[in-house]
Student: 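Supplied in structure tokens, the structure appears directly below.
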Amino acid sequence: MRRAPFVARLVLPSLNGAAIAAAAPPHVRVIAACLRNITAVGSRLTARGYGTPAHPVAVIAAGERWPDGSLRPALEDLLGVGGLISDLHAQGAGPLSAEAAAARAAYEAAADLTRAVAAGVSGRELAARGFVQDVAIATEGDICAAVPVRDGDGAFSPG
């Protein structure tokens, strides 16, 4: 990834994430978050009053697929949603559901995100395909200010 030519806009698709975003009704605001943009997404949501009982937020870990097509929970997605929930909670969002609290606890307990993701199924798959550094890039926490928001056409653009 680091050796790829620079482009002004880069979209890395998540098949399950894309399917979830496409399934959401057009009036539902969909924002793409990852370990790299946790604070930017959390700040956008809380600045607009989301994360309260009156304006709840659904944070979804999309997961991956096993070779047979069945859903496979993905550690990196659990840690990503846990990081966003941790940030939202630190900014005053809440109360948290039991599931959100568990995801937050998993994120906060991960002493080394890169090592944790590398040890998971997705990290091992990337390493086997020669993309070890992509795990390190994906787990660079909170270095991106972009907040991709789904627009009326179903595409994501900077929010």
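Computed from a predicted model, the values in this text were never measured in an experiment. Starting from 1, each residue takes its place in the sequence as its number.
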Student: Please identify each residue that fulfils side-chain contact (heavy atoms from CB on, under 4.5 Å) with Q133, with sequence neighbours left out.
Tutor: A136
Student: Sequence neighbours excluded and cut-off under 3.5 Å, please list the side-chain donor-acceptor pairs for residues 49-59, or say none.
Tutor:
| unit_1 | atom_1 | unit_2 | atom_2 | d |
| --- | --- | --- | --- | --- |
| T52 | OG1 | A54 | N | 3.4 |
| T52 | OG1 | H55 | N | 3.1 |

Student: Look only at the side chain of S86 and the backbone of G82, and say whether a donor-acceptor pair between them is shorter than 3.5 Å.
Tutor: no
Student: Salt bridge (charged side-chain N to carboxylate O under 4.0 Å, His left out): which pairs involve residues 49-65, sequence neighbours left out?
Tutor: none
Student: Could you note down all residue pairs passing salt bridge (charged side-chain N to carboxylate O under 4.0 Å, His left out) where residues 14-31 supplies at least one of them, sequence neighbours left out?
Tutor: none
Student: Scan for salt bridge (charged side-chain N to carboxylate O under 4.0 Å, His left out) pairs involving residues 96-105, sequence neighbours excluded, and state none if there are none.
Tutor: R104-E108
Student: Quick one: list whatever passes salt bridge (Lys or Arg N to Asp or Glu O under 4.0 Å) with R72, sequence neighbours left out.
Tutor: E125
Student: Quick test of your reading: applying ring pair (Phe, Tyr, Trp, His ring centres under 6.0 Å), list the pairs with at least one residue in residues 63-110, sequence neighbours left out, ordered by first then second residue.
Tutor: none
Student: If the condition is side-chain contact (heavy atoms from CB on, under 4.5 Å), which residues does I60 pass it with, not counting sequence neighbours?
Tutor: I20
Student: Would you please name every residue forming a side-chain contact (heavy atoms from CB on, under 4.5 Å) with A118, sequence neighbours left out?
Tutor: V135
Student: Taking a hydrophobic cluster as the set of Ile, Leu, Val, Met, Phe, Trp and Tyr residues connected by side-chain heavy atoms closer than 4.5 Å, whether directly or through intermediates, do I38 and L79 fall within one such cluster?
Tutor: yes
Student: Between V81 and A61, what is the shortest heavy-atom contact and its length?
Tutor: CG1-N, 3.7 Å
Student: Output every pair passing side chain to side chain donor-acceptor pair (under 3.5 Å) with a member in residues 136-146, not counting sequence neighbours, ordered by first then second residue.
Tutor: R2-E140, R36-E140, T39-D142, T114-T139
Student: Any side-chain heavy-atom pair from V121 and L75 closer than 4.5 angstrom?
Tutor: no
Student: To the nearest 0.5 angstrom, please state how far the CG atom of L88 sits from the CG atom of L45.
Tutor: 5.5 Å
Student: Could you tell me which residues satisfy side-chain contact (heavy atoms from CB on, under 4.5 Å) with A33, sequence neighbours excluded, listed by chain and number?
Tutor: N37, V41, L84
Student: Could you list the donor-acceptor pairs under 3.5 angstrom formed between side-chain atoms of residues 144-155 and any protein atom two or more places apart in sequence or on another chain?
Tutor:
| unit_1 | atom_1 | unit_2 | atom_2 | d |
| --- | --- | --- | --- | --- |
| R150 | NH1 | A21 | O | 2.5 |
| R150 | NH1 | A24 | O | 3.1 |
| R150 | NH2 | P25 | O | 2.8 |
| R150 | NH2 | V28 | O | 2.7 |
| D151 | OD1 | D153 | N | 2.9 |
| D151 | OD1 | G154 | N | 3.2 |
| D151 | OD1 | A155 | N | 3.1 |

Student: Would you indicate whether the side-chain heavy atoms of L113 and L35 approach each other to under 4.5 Å?
Tutor: yes
Student: Can you give me the closest heavy-atom contact between A119 and R124, atom names plus distance?
Tutor: O-NH1, 2.6 Å
